[in-house]
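From a predicted model like this one, the values you see are computed outputs, not experimental measurements.
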Amino acid sequence: MLILSAASSSSSSSSFMLSSASSSSARIPRPLSSFSTCVPVVVTTVSSAATSTLFPISCFGVKSRTVGIRKLRCAVFCASNVRGMAEMIEDAMTVSASESHELPQSRDFLDARTGEDLLSAVRKAVEDENLPLNVAEGMEELYQNYQNAVLQSGVPKADEAILYNMALVFDRVFVDVKDPFEFSPYHKAIREPFDYYKFGQNYIRQLVDFRSSYVGNISVFSEMAEKLKQGDNVVLMSNHQSEADPAIIALLIESKLPDIAENIIYVAGDRVITDPLCKPFSMGRNLLCVYSKKHMNDDPELAEMKKRANTRSLKEMALLLRGGSKIIWIAPSGGRDRPDPVTKEWYPAPFDASATDNMRRLVQHAGVPGHIYPLAILCHDIMPPPAQVEKNIGEKRVVSFHGAGISVAPKIDFHEVAGALEDPEAKMVYTKAIYDSVSQQYNVLNSAIHGKQGLEASIPRVSLSQPWQ
């Protein structure tokens, strides 16, 4: 997620609030997350320049090729829409120790035959001082929550899906704790020899009740795909609900538009690349990573380094947009939605006008056509955030089996909406137009999912469908 907001300006530079990203050369130092935690950050700008449906997939992220001498078990979860169930099969391949980040290293997790085997392996790793206690506790808690959620789904062979998914998660976490992966300002999803994208998709897939999930305006998604083919850029300005947002977006459109599902670039805060339980999932997404303004001065000695890293990330974004055919997802709210403390109702968090305006300017100055679309996401039941913003890494993760929804509305053109107005009124009017569209779409999704209206919740501007059917 991204929040870009001008805080000051001069002839040569200005301050922005931005959230998330990465360049291939610069390394962001790590503290010890979720797919994306959007929070304000400061950067110095560069120059202007009945059961859940499962879809067939390939081997769980491992390319079938020989690269070494160690055996790796691989499974495939596949199912037709008719069966709606997971089936596990095994494959074999060998791996090289030099590819430690991409391939499993711990037989203790991958050879587990029961959930208790998995948890015993976690405890043994702590005893052997190979795993910090706080990370181990988070792993055990996640296992219990994930198990309970998937069992709620009622899918056949749920126990097998739980065991296999959690074994992979534990293995990926363990490998990274031993040899931490460092994200660059612009991180490209790791797809081989271990496919982290499919790993994340299959983990979240088990939590989505596709019977009560919906997509709004699939035709507009198809329109975006055509514009990307023409070399145009697309920006999705969206609310943000959970760490699972990227997987939810991809799962709900991958059957019709796999290219969009796999190629979205998510602007994300630094916490998503530092939390041990989140990092493996983040490794499977295209990310622009930045340091959050909220945590910029947690360690005063690192503040300047963080600002420099954010500047590099902004440069990466500008370069990506200049290349064309990029689709970027940002959350102008600067963070995840949270329920009203009194009514407990969920709604999209307010958008920052400077964030939307600065992103618009980046798109406008890219040198290639660009289009901004309002996107709404409703998936907080699957993986709700903590009730309040937390400072420490390692939030408690509660997960559940539930329906989810996304919807996109036609692009909103700044000049049509606010071109005749002067700043700051123009950017306020433009931001309101985007936010109002997101809110309207969100309300339709809410009626369909929580109001149990299903497809009947559609309105003239939001046509719901289930494209995986």
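- Summarising the geometry, atom CD belonging to Gln144 is positioned 9.5 Å from atom CD belonging to Glu141; distances are rounded to the nearest 0.5 Å.
- Using a distance-only test at 3.5 Å, with no hydrogens or angles considered, no donor-acceptor pair links the side chain of Thr431 to the main chain of Met428.
- Looking only at side-chain heavy atoms (C-beta outward), Met224 and Leu236 come within less than 4.5 Å of each other.
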Inset, instruction - Tell me, with the steps shown, if Thr356 and Phe414 meet side chain to side chain contact (heavy atoms under 4.5 Å, CB included). - result: CA-CA 11 Å; Thr356 57; Phe414 174 80; over 6 Å; no
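- Here His240 and His380 keep their ring centres 6.0 angstrom or further from each other.
- Within the 4.5 Å cutoff, side-chain heavy atoms of Leu375 are placed close to those of Ile249.
- Contact between Tyr435 and Pro350 at its shortest, heavy atoms only, is CE1-CA, 3.9 Å.
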Inset, instruction - Take Leu252 and Phe210, measure what side chain to side chain contact (heavy atoms under 4.5 Å, CB included) needs, and give me the verdict at the end. - result: CA-CA 9 Å; Leu252 296 187; Phe210 286 92; 3.9 Å; yes
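- Side-chain atoms of Ser153 never come within 3.5 Å of backbone atoms of Phe401 as a donor-acceptor pair (strictly under, hydrogens ignored).
- Put simply, the side chain of Asn263 gets close to the backbone of Asp259: a donor and an acceptor are under 3.5 Å apart.
- Residues Ile328 and Val234 form no side-chain contact, since every pair of their non-hydrogen atoms from C-beta on lies 4.5 Å or further apart.
- By the 4.5 Å heavy-atom criterion applied to side chains, Gln440 and Ile459 are counted as neighbours.
- Atom-to-atom distance recorded for Ile382:CD1 and Leu207:CG is 6.5 Å, nearest 0.5 angstrom.
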Inset, instruction - Given side chain to side chain contact (heavy atoms under 4.5 Å, CB included), test Arg336 with Arg338 step by step and report yes or no. - result: CA-CA 6 Å; Arg336 287 173 285 182; Arg338 283 177 167 81; 4.0 Å; yes
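- Counting non-hydrogen atoms of neighbouring residues, nucleotides and ligands closer than 6.0 angstrom, the NZ atom of Lys256 reaches no more than 12 such neighbours.
- Within the 4.5 Å cutoff, the side chain of Met359 has heavy atoms near those of the Leu321 side chain.
- In this model, a donor atom of one side chain and an acceptor atom of the other lie less than 3.5 Å apart for His371 and Asp232.
- When atom types are taken as modelled, the side chain of Lys326 and the backbone of Gly324 share a donor-acceptor pair closer than 3.5 angstrom.
- Side-chain N or O atoms of Asp381 include none that pairs as donor or acceptor with a backbone N or O of His402 at under 3.5 Å.
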Inset, instruction - Please step through side chain to side chain contact (heavy atoms under 4.5 Å, CB included) for the pair Glu425 and Val429, ending with a clear verdict. - result: CA-CA 6 Å; Glu425 184 180 5; Val429 169; 4.1 Å; yes
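- Using a 4.0 Å cut-off between charged side-chain N and carboxylate O, Asp357 and Arg361 make a salt bridge.
- The shortest side-chain heavy-atom distance between Ile162 and Tyr143 falls under the 4.5 Å cut-off.
- Of the charged side-chain nitrogens involved, none lies within less than 4.0 Å of a carboxylate oxygen, so that Asp352 and Lys432 do not count as a salt-bridged pair.
- Atom-to-atom distance recorded for Leu362:CG and Ile330:CD1 is 9.0 Å, nearest 0.5 angstrom.
- Side-chain contact of Tyr146 with Asn165: a donor-acceptor pair under 3.5 Å is present, judged by distance alone.
- Within the model, atoms CE of Met383 and CD1 of Ile248 stand 8.0 Å from one another, a figure rounded to the nearest 0.5 Å.
- Val398 and Asn145 make their closest contact through CA-ND2, 4.0 Å (heavy atoms, listed as atom of the first residue, atom of the second, distance).
- Residue Val363 comes nearest to Gly370 through the heavy atom pair CG1-CA, 3.6 Å, listed as atom of the first residue, atom of the second, then distance.
- Atom CZ in Arg191 sits 6.5 Å away from atom OH in Tyr197 (nearest 0.5 Å).
- Across all non-hydrogen atoms, the minimal contact from Ala244 to Ile204 is CB-CD1, 4.1 Å.
- A distance below 6.0 Å separates the ring centres of Phe181 and His187.
- Ser238 pairs in a side chain to side chain donor-acceptor pair (under 3.5 Å) with only one of the listed residues (Tyr373, Tyr266, Trp329), which is Trp329.
- Looking at heavy atoms from C-beta onward, Pro180 lies in side-chain contact with Lys279 at the 4.5 angstrom threshold.
- Checked for salt-bridge contact, Arg205 and Glu254 meet the test: a charged N lies under 4.0 Å from a carboxylate O.
- Expressed to the nearest 0.5 Å, how far OG of Ser282 lies from CZ of Phe183 amounts to 5.0 Å.
- Considering only heavy atoms from C-beta on, Asp159 comes within 4.5 Å of Leu151 through its side chain.
- A pairwise comparison of heavy atoms in Phe221 and Ile260 identifies O-CD1, 3.5 Å as the closest pair.
- The closest side-chain donor-acceptor pair between Tyr196 and Arg285, if any, does not fall under 3.5 angstrom.
- Contact check on Lys411 versus Glu223 returns no salt bridge, with no Lys/Arg side-chain nitrogen under 4.0 Å from an Asp/Glu carboxylate oxygen.
- Side chain of Ser437 to backbone of Ala433: no donor-acceptor contact under 3.5 angstrom is found.
- The ring of Phe281 has its center closer than 6.0 angstrom to the ring center of Tyr203.
- Of the possible polar contacts, one joining the Asp245 side chain to the Ser242 backbone as a donor-acceptor pair under 3.5 Å is found.
- Looking only at distances, a side-chain donor or acceptor of Asn217 sits under 3.5 Å from a matching main-chain atom of Arg461.
- Scanning both residues, Ala189 and Asn286, for their nearest heavy atoms gives N-OD1, 3.0 Å.
- Listed for the Ser458 side chain is no donor-acceptor partner under 3.5 Å among the backbone atoms of Ser463.
- Side-chain contact, Tyr442 with Gln241: a donor N or O sits under 3.5 Å from an acceptor N or O.
- Looking only at distances, a side-chain donor or acceptor of Gln466 sits under 3.5 Å from a matching main-chain atom of Ser213.
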